[in-house]
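Each remark here refers to the structure printed beneath this line.
Chain letters run A, B, ... following the sequence lines, proteins first and then strands; every chain starts at 1. None of the values given here were measured: they were computed from a predicted structure.
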Number of protein chains: 2
Amino acid sequence: MTKKAPKPHLTTLPLDSIIGGDSIEALNSLPEASIDMIFADPPYNLQLSGELHRPNNSRVDGVDNDWDKFADFATYDRFTVDWLKAARRVLKDDGSLWVIGSYHNIFRVGAKLQDLGYWMLNDVIWRKTNPMPNFRGRRFTNAHETMIWCAKSAESRYQFNYEAMKTLNDDLQMRSDWLMPICSGSERLKGEDGVKSHPTQKPEALLYRILMAATKPGDVVLDPFFGSGTTGAVAKKLGRHYIGIERDPNYIKVARARISKVQPVPEKEMLQITSKREEPRIPFGWLIERGLLEPGTVLTSTNGRFTAKVRADGTLISSDHRGSIHQVGAAVQGAPACNGWQFWCVPREGQLIPIDYYRQQLRAELH
Amino acid sequence: MTKKAPKPHLTTLPLDSIIGGDSIEALNSLPEASIDMIFADPPYNLQLSGELHRPNNSRVDGVDNDWDKFADFATYDRFTVDWLKAARRVLKDDGSLWVIGSYHNIFRVGAKLQDLGYWMLNDVIWRKTNPMPNFRGRRFTNAHETMIWCAKSAESRYQFNYEAMKTLNDDLQMRSDWLMPICSGSERLKGEDGVKSHPTQKPEALLYRILMAATKPGDVVLDPFFGSGTTGAVAKKLGRHYIGIERDPNYIKVARARISKVQPVPEKEMLQITSKREEPRIPFGWLIERGLLEPGTVLTSTNGRFTAKVRADGTLISSDHRGSIHQVGAAVQGAPACNGWQFWCVPREGQLIPIDYYRQQLRAELH
DNA sequence: GAAGACGCTGAATCAGCGC
DNA sequence: TGCGCTGATTCAGCGTCTT
């Protein structure tokens, strides 16, 4: 067996390409803290596949006694820790990691994630509309797979496109259980012989939702077990950069051909993420400076129970309190916090108009 | 602190009772290989810090009990290994174990299960119809919990009532994802002050399905973290024996009072286990799980000429036939087929209400 | 009395920037 | 890094009160 020497660390990322070879070695060749998101579909534990490989590509022997089972769990755990560590090094501090697995391996992966300092954000259940039935009638139909979404650390300011997810779900918060079909039909890659090109090709819809949820256009997405390249195909389509790592030359070939046919969404604007959090901040005082509100204007709370006057410096004054729109709103209610923009209103034509209305007006003017 | 001396091993099981004290000590006091099934709802190690407020400024009443606090992962792992080992000793060779948890703890529990030689059969997802939203909009709604079902070993000939699960699910294989509401309303135990008696009371429908799937009448079911006693209540109802272990004297009191009020399904035969497109499909068995129909209820045919009794697994039994609502409906009429939903009725206030009425009710609840 | 409004609550690892 | 300020954020079900 030929074993490549460890690659030197690259100084620039090999964007939109597939690195051939061992996942851990390839990860170690990349610059640290350079990747925005990692999606990983690692090999499952041996008990089903019988095809567990050690990091050095040697195959783990089949097993049928307790001692070996333990040895194999330990081997799998070492492999898991190795790639999770290597992945964590290349991940940006505010990056996040997704891992998918089944009950054979996902519990071991999840425990090691936590041990290494990753911070779990959600476990997400992919519910399959069309799972394989349980033929022997000895268990429940295994109708789902589990994904773990985690940040590099508890302090990480990870990307989450809350509004996009909510919109995707008919204006209800997106839940942790996702209903999707398995990859089949024309989406399933097949060779000329009609045989499926990869045994565990993931549906593009799954990656679509993941990338829409946790990345922004231009981000770099890495997949250390690239397989048939679903991650790359969807990343290209959605205007994200991808880096794939794959050991099997045939899978690389299949994935390259596949991705080359992908048409990116043509208009950049279609990919933009709208988020209230990212809109430019408008201080309350600006409304007064710009004449949208006059000093001395009496504001009324949404429920009509409280009033306060606008002062020239952008603070409010009520009978008992003075301070920012938020502080006075909280104080009059005796609440720990308050969004003054939504709480305070101006009476106009018999209605109460939240001052947020004026902010939106100003925001539009300021482009 | 007074610490009880280790109890000697009992030679007979304390059936249908609650053992006060530490889970591991109590497990160690029981005879080995004596338990048919264990259901465990261990502390989740939530690691909550600070307070969380809803958008309307009300405070979320989170779990902050001492029993959920662990110093670190290693401490939690030791605790997990200890109780899993003790549980495995008392489990019969052909017995099985269920554990429920969330992403905070379930991956650690799952990994330790495998390390100790338990053999995973399924991970089962409880999808909540009505989870708490994510108030800050920083994650997906945490809308599920995970259960692991495992046998004592890979060689175990565990109990699985495949046919019962299939009939409970309208003659389709039961999947690994279960849709059920959280425990609320009148089922939720409250003190005289109206405060919930236990922070994490599980719904009876969940235990109903578990016990129907993996035990038979007369089996002994053990719950080492008994809490408010849901396991005991459902076990008593379904003619299974229970043994609870609980440390908190107040929870024991609550559980005892609760279980004393439970009426077991009166006729043994009702417990025996035999081996549409646009609207969501509601299996007949769900009406029973959810308490809309009780096992033993007598159904009458629309024309009043036939009767049949409801059994706990969702089958009917008439004088000459047994099977699904459709099968028995067809058989008593000598017809080739029958829509049991329209054919079978419940007498109520002098009228015959088709069981379809209950289906519609449940459908509305489940959205 | 019925229908609708309103309030409360559930195993929750729940913010981000600037000084 | 620590502190203080700004300001973003909820779904389904049940019970009670009002119209």
Enter the distance from [X]:[atom1] to [Y]:[atom2] here, rounded to the nearest 0.5 Å.
X	Y	atom1	atom2	answer
A:I325	A:C338	CD1	SG	8.5 Å
A:H326	A:W341	NE2	CH2	7.0 Å
A:R175	A:D177	CZ	CG	4.0 Å
A:Y103	B:I148	OH	CD1	11.5 Å
A:M37	A:Q159	CE	CD	11.0 Å
A:I355	A:Q361	CD1	CD	13.0 Å

Inset, instruction - May I ask you to decide whether B:D66 forms a salt bridge with B:K69, counting only side-chain N to carboxylate O separations under 4.0 Å? - result: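 The answer is no: the pair does not qualify as a salt bridge.
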
Inset, instruction - Output yes when B:E204 and B:R258 qualify as a salt bridge under the 4.0 Å nitrogen-oxygen rule, no when they do not. - result: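 Yes, charged N to carboxylate O under 4.0 Å.
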
Inset, instruction - Could you encode protein contacts along nucleotides 4-12 of chain C as a string, one character per nucleotide from 5' to 3', using B for base contact, S for sugar-phosphate-only contact and - for no contact, with a heavy-atom cut-off of under 4.0 Å? - result: -----BBBB

Within the structure shown, what part of the strands sits under 4.0 Å from [X] by heavy-atom distance: base, sugar-phosphate, or nothing?
X	result
A:E155	nothing
B:R138	sugar-phosphate
B:S186	sugar-phosphate
A:A154	nothing

Identify, with sequence neighbours excluded, every residue that meets ring-ring contact (aromatic ring centres under 6.0 Å, His included) alongside [X].
X	answer
A:Y118	none
B:W149	A:F140, B:W98, B:Y158, B:F160
B:F107	A:F107

Inset, instruction - Determine the interplanar angle of the B:W67 and B:Y251 rings, folded into 0 to 90°, and report it as parallel if under 30°, tilted if 30 to 60°, perpendicular if over 60°. - result: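 Aromatic pair B:W67/B:Y251 classed perpendicular.
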
Pick the [atom1] atom in [N] and in [M], then give their distance to the nearest Å.
N	M	atom1	value
D:dT6	C:dC14	P	24 Å
C:dT9	D:dT9	P	24 Å
C:dG10	D:dA8	C1'	22 Å
D:dG15	C:dA11	C1'	23 Å

Inset, instruction - Identify all stems in which DNA chain D takes part, counting only runs of at least 3 consecutive pairs (Watson-Crick or G-U wobble, each distance under 3.5 Å), and give each as one range with another, ordered by first number. - result: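 For DNA chain D the paired stretches long enough to count as stems (3 pairs minimum) are C:2-10 with D:11-19, C:15-19 with D:2-6.
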
From [atom1] of [X] over to [atom2] of [N], roughly how many Å is that when rounded to an integer?
X	N	atom1	atom2	answer
A:W149	C:dC14	CH2	C1'	11 Å
A:R363	D:dA8	CZ	C1'	11 Å
A:I282	D:dA8	CD1	P	11 Å
B:H144	D:dA12	NE2	C1'	19 Å
A:D94	C:dA15	CG	P	15 Å
A:K276	C:dA15	NZ	C1'	16 Å
A:L172	D:dG13	CG	P	12 Å
A:M165	D:dT9	CE	C1'	18 Å

Legend entry - Exam field: side chain B:E246 to backbone B:G227, donor-acceptor pair closer than 3.5 Å: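 Side chain of B:E246 to backbone of B:G227: a pair is present.
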
Legend entry - Polar side-chain atom of A:S176 near backbone of B:A143 as donor-acceptor pair, under 3.5 Å: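 Present.
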
side-chain N/O [X] vs [N] OP1/OP2, d < 4.0 Å:
X	N	result
A:Y162	D:dT10	yes
A:K166	D:dT10	yes
A:R281	D:dA8	no

Inset, instruction - Give me the residues of residues 321-330 of chain A where at least one heavy atom lies under 4.0 Å from an atom of DNA chain D, by number, or none. - result: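 Heavy-atom cutoff 4.0 Å gives A:S324, A:H326, A:Q327.
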
Inset, instruction - Please tell me which of A:R359 and A:D171 maps to the more 5' nucleotide of DNA chain D, matching each residue to the nucleotide holding its nearest heavy atom. - result: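 Counting from the 5' end, the first nearest nucleotide belongs to A:R359.
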
Identify all pairs in which a protein N or O lies below 3.5 Å from an N or O of nucleotides 17-19 of chain C, and state each distance.
none

Inset, instruction - Kindly state each residue pair satisfying salt bridge (Lys or Arg N to Asp or Glu O under 4.0 Å) with at least one member in residues 38-63 of chain B, sequence neighbours excluded. - result: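 As it turns out, the salt bridge (Lys or Arg N to Asp or Glu O under 4.0 Å) pairs with a partner in residues 38-63 of chain B, which skip direct neighbours, are B:D41-B:K202, B:E51-B:R59, B:D61-B:K196.
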
Legend entry - Partners meeting side-chain contact (heavy atoms from CB on, under 4.5 Å) with A:K92 (sequence neighbours left out):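 Listed in chain order: A:D36.
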
Inset, instruction - Output all residues satisfying side-chain contact (heavy atoms from CB on, under 4.5 Å) with A:Q360, sequence neighbours left out; order by chain, then residue number. - result: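 Residues passing side-chain contact (heavy atoms from CB on, under 4.5 Å) with A:Q360: A:D356.
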
Legend entry - Those residues that, when tested against B:R139, pass salt bridge (charged side-chain N to carboxylate O under 4.0 Å, His left out) (two or more places apart):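 Result, salt bridge (charged side-chain N to carboxylate O under 4.0 Å, His left out) vs B:R139: none returned.
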
Atom pairs, N/O to N/O, protein against nucleotides 16-19 of chain D, distance under 3.5 Å?
none

